[in-house]
Structure formats: C-alpha cells, structure tokens
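One structure is given below, encoded as structure tokens.
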2 protein chains.
Amino acid sequence: MALEHAILGFLDYAPMSGYDLKKTFDESVRHFWTAQQSQIYRTLKRMQQDGWVRIEVVKQDDRPDRKVYHITPTGRQELERWLAAPAGPELFRSEWLVKVFFASRLGDSEIHAMFRERADTLRAKFAHLQDATQGALDEGAAKCGEPRDCALWQLTLEYGIAYYRWELEWMEQAMERLARLPPGADRAGNGENAENGGNG
Amino acid sequence: MALEHAILGFLDYAPMSGYDLKKTFDESVRHFWTAQQSQIYRTLKRMQQDGWVRIEVVKQDDRPDRKVYHITPTGRQELERWLAAPAGPELFRSEWLVKVFFASRLGDSEIHAMFRERADTLRAKFAHLQDATQGALDEGAAKCGEPRDCALWQLTLEYGIAYYRWELEWMEQAMERLARLPPGADRAGNGENAENGGNG
DNA sequence: CAGATCATGTAACCTGTTACATGATTTC
DNA sequence: GAAATCATGTAACAGGTTACATGATCTG
C-alpha cells in the first residue's frame with residue numbers, strides 16, 4: 001500500500017498536520033494518487049501506533065490546536081525500504097470505456113455525444129494539471145530548492161500532461177473512425193438505430 | 001458503479017454462469033475493468049434480489065450444476081438507462097509514479113533500475129493485450145457476427161494498445177532525461193549519493 | 001448573515017482482495 | 001500422483017467514499 005509511504009515521503013520533506021497533508025496530496029500527486037481526508041487521519045493513527053511518526057501538539061489561541069506529525073527514524077527506514085522495493089501494479093478503471101464497449105445499442109448521435117463529453121472532461125483535467133499543479137510544484141521547488149527533487153516532481157507532472165495530450169489525440173482519431181461505425185441490427189425495445197439504415 | 005452494468009452488458013449478449021462471466025471479463029475488458037470471482041458472485045446475488053437477472057439451474061451429471069444467469073426486462077431497462085447517463089470519473093493509481101516522485105534519495109543507478117523494471121512490465125502487458133485479448137475478441141466477433149459490436153470492442157482494445165505504445169515511448173524519453181538528473185545533497189543516513197558529486 | 005477556511009475526527013457503508021471450503025474430472 | 005479445470009460459494013479483512021459532528025475566524 002502506497003498511502004502510508006506517500007505520507008512518509010511528504011513528512012520527510014517537512015513536518016505537517018493531517019490537514020496540510022491532504023492539501024499537499026491534492027496539489028502534487030493527485031493525478032496518480034488520491035487520498036480522502038478521513039483516510040489520511042485513519043492512516044496517521046496507525047502509523048503512530050507503528051512508530052513511523054510522532055505527534056507534536058501545537059497550541060493555538062484562535063484556532064483549534066494543530067497536531068503536527070514528524071517522521072521518526074523507524075519511519076525513515078521504512079520509507080527507504082519501500083523505495084528500493086519493486087512497485088505494485090498500477091490500477092486503472094474507466095467506466096467510460098466500459099460504456100464504449102457496450103455502446104452498440106445506442107444510436108450514432110448518442111455515441112458521438114459520449115465521446116464529445118469525454119473530450120471535454122479530459123481538456124478540463126489537462127488545464128488543471130498545467131495551471132494548478134504546475135503552479136504548486138513551482139512554489140514547492142522555490143521553497144525547498146533541491147534540484148534533484150524538482151526534476152523528479154516535474155517528471156511525474158509531465159507524465160500527466162503527456163498522458164492527457166496523448167488521450168486527446170486518440171479521441172480525435174477515434175471520433176474520425178466513429179463516422180464509419182457499422183449500423184446496428186434491430187433489437188427489441190430499441191428503435192434508436194432505425195435512422196442508421198436498420199438491418200435489412 | 002459499473003460492475004453490475006458490465007455484467008448486464010455481457011448477459012445481454014448471452015446468458016452465462018458466474019464462472020463464465022469471470023473468464024469473459026478477463027478476456028475482454030480486463031485492461032480497463034477487473035473483477036474478482038467473489039465480487040461477481042456477490043454482485044449477481046444482489047442483482048437477482050433487485051430483479052435485474054433471473055437464475056436458470058442447469059443440471060449436469062459429471063460436474064457441479066451450473067447457475068445460468070439471464071438478463072430480465074428490468075435489467076435491460078437499467079442497462080439502457082446507465083448507457084445513456086454520463087460516465088463516472090476514471091480511476092488511476094500508480095504506486096510506481098509515487099516512487100518516482102520520492103526517488104531523490106535513491107542513487108542514479110537505482111532510479112534507472114526502477115525505470116527499466118517498469119518498461120519490462122509495460123512490454124509484458126502490451127504483448128498480452130495484443131495476443132490474448134485480440135485473440136479472444138476475434139473469437140467473440142466470429143461467434144456473434146455483429147459488425148457494430150465488433151467495431152466498438154476493437155476500439156476499446158486499440159485504446160489499450162495505443163496507451164501502452166505511448167507509455168513505452170514516454171519511458172524512453174524519460175530515461176534520456178534521467179541521464180541529466182541533478183545530483184542529490186547529502187542526507188542523514190544515506191551515503192548513496194556521494195558518487196554523484198555530493199553538494200559542494 | 002452566508003459561506004469559505006482552518007482543524008480535528010468518527011461512523012457507516014461499499015468495494016476490492018485474499019484465503020478458505022468442497023469435490024469431481026481431465027491432463028501431464 | 002499432482003496440478004489444472006469446472007463450478008459453486010462464504011468469511012474476513014483492507015481500502016476507499018460519503019456523511020456527520022464541532023466550532024472558531026475570516027471574507028464577501
């Protein structure tokens with residue numbers, strides 16, 4: 001499981017609260033690893049029990065106290081062990097592709113709409129990555145100033161950017177091919193395909 | 001949730017047992033939607049309670065009885081409703097990218113090994129998709145013979161193939177860039193980076 | 001005065017994974 | 001004789017999502 005190790009990685013740069021961690025996740029690795037706030041708190045609890053982190057309570061007068069988590073030597077050791085171990089399989093799940101797979105009973109116009117909607121979503125995510133995430137990484141880089149870190153952060157960001165660029169290109173190609181999609185045979189309860197010539 | 005709808009989609013082509021469904025998933029949509037055997041049985045149970053499928057028990061002398069699941073009119077209606085609705089967000093999680101993000105404390109040689117290992121994994125998955133999945137889809141196409149279905153199945157397969165092709169290209173580019181990775185500053189407990197020039 | 005931000009979490013639920021249980025037949 | 005295939009599942013656990021709970025300050 002990578003969540004606890006990603007947390008170790010971030011805490012190794014700087015001690016943080018659970019709240020800070022959530023923001024950090026969303027600003028840096030969101031496009032390949034997400035974490036819910038509740039998940040982060042639950043995991044920090046376990047990590048503290050395992051001795052990977054220790055808590056420093058920082059009192060504040062006006063706001064609720066902060067619990068600042070620090071990585072421990074044991075935690076740092078675990079981070080290094082994990083880094084050197086082979087990575088687990090990646091997870092990809094696309095409801096959109098499942099719909100494309102079973103889309104034959106839809107009419108051509110509906111299928112086209114499906115693709116256009118998907119392209120819009122991709123463009124929005126692409127823009128967010130280029131603007132928000134790039135901005136946040138630049139800020140982080142300016143603060144920490146370690147060129148080796150920056151280069152690797154930038155590499156994972158560019159993976160995302162290149163991915164969306166590729167997928168948008170693929171969408172265009174696919175939509176051209178859709179124009180030559182064979183018409184469907186009649187199915188009970190679906191008059192949608194009549195416009196495409198029917199089966200006859 | 002797409003699992004129950006993917007099941008509806010498959011049962012709409014032909015009635016099947018839970019065991020058959022698992023094989024069908026693995027041979028066709030595995031690269032964008034996986035399902036465990038136990039998950040399929042659990043979901044079929046719920047779908048039967050909801051009236052989306054009905055069970056036909058087929059007795060066999062030599063082997064255990066088969067439970068063949070048929071889609072019901074209610075199920076077919078639900079399938080159509082789902083198909084026309086907008087798709088939920090896709091899910092992507094890559095432990096490998098998390099490791100790249102935090103890899104700066106590793107030495108250059110270890111980082112290179114990480115990339116080479118990843119490329120090997122990608123090549124293996126790519127080969128499986130081209131051979132096994134393409135073979136299974138061709139068989140399915142030969143059996144059902146609906147060109148509209150085939151064209152869409154093929155499209156989702158080619159998405160996978162194009163994806164791996166893109167990712168392997170990206171890996172090559174990234175490895176070239178890695179050759180110019182800035183050296184790391186010394187960190188406590190890690191002598192690994194000394195070979196790269198240290199922080200003078 | 002409403003909504004965002006800061007800051008903590010818990011509870012319930014759903015999904016996904018792994019292991020276990022059974023037992024016959026077919027293949028190496 | 002061992003392992004794979006056919007065929008059904010259950011149980012326990014891990015991981016991820018959503019909703020709820022609290023309460024201050026800051027911004028529009």
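Note that the structure is predicted; figures quoted are calculated from it, not measured. Here is how names work: the chains are called A, B, and so on, in the same order as the sequence lines, proteins then strands, and each is numbered from 1.
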Check: [X] ring centre within less than 6.0 Å of [Y] ring centre:
X      : Y      : answer
B/F115 : B/W96  : yes
B/Y163 : A/W170 : no
B/Y159 : B/F32  : no

Heavy-atom pair of closest approach, residues [X] and [Y]:
X      : Y      : value
B/I161 : B/F126 : O-CE1, 3.5 Å
B/L152 : A/A103 : CD1-C, 3.8 Å
A/M175 : A/H112 : O-NE2, 4.1 Å

Provide, to the nearest angstrom, the distance between the [atom1] atom belonging to [X] and the [atom2] atom belonging to [N].
X     : N      : atom1 : atom2 : result
B/L3  : D/dG16 : CG    : C1'   : 16 Å
A/K59 : D/dA24 : NZ    : P     : 18 Å
A/H5  : D/dA14 : NE2   : P     : 15 Å
B/R46 : C/dG16 : CZ    : C1'   : 12 Å
B/K22 : C/dT18 : NZ    : C1'   : 13 Å
A/F25 : D/dG15 : CZ    : P     : 14 Å

Check whether any side-chain N or O of B/Q39 sits under 4.0 Å from OP1 or OP2 of C/dT15, and answer yes or no. no
Taking only N and O in the side chain of A/Q36, is any of them less than 4.0 Å away from OP1 or OP2 of D/dG16? no
Taking CD in A/E172 as the centre, count heavy atoms belonging to other residues, nucleotides or ligands within less than 6.0 Å. Is the count above 12? no
Quick check: are there more than 12 heavy atoms from other residues, nucleotides or ligands sitting under 6.0 Å from CD of A/E56? yes
Quick one, give me the B/S/- string for nucleotides 3-12 of chain D, reading 5' to 3', where B means a protein heavy atom under 4.0 Å from the base and S means that only happens at the primed atoms, P, OP1 or OP2. --SBBBBB-B
Below 4.0 angstrom, which residues in residues 83-101 of chain A have at least one non-hydrogen atom near DNA chain C? A/R93
With sequence neighbours excluded, residues passing side-chain hydrogen bond (donor to acceptor under 3.5 Å, both in side chains) with B/E90: A/R118
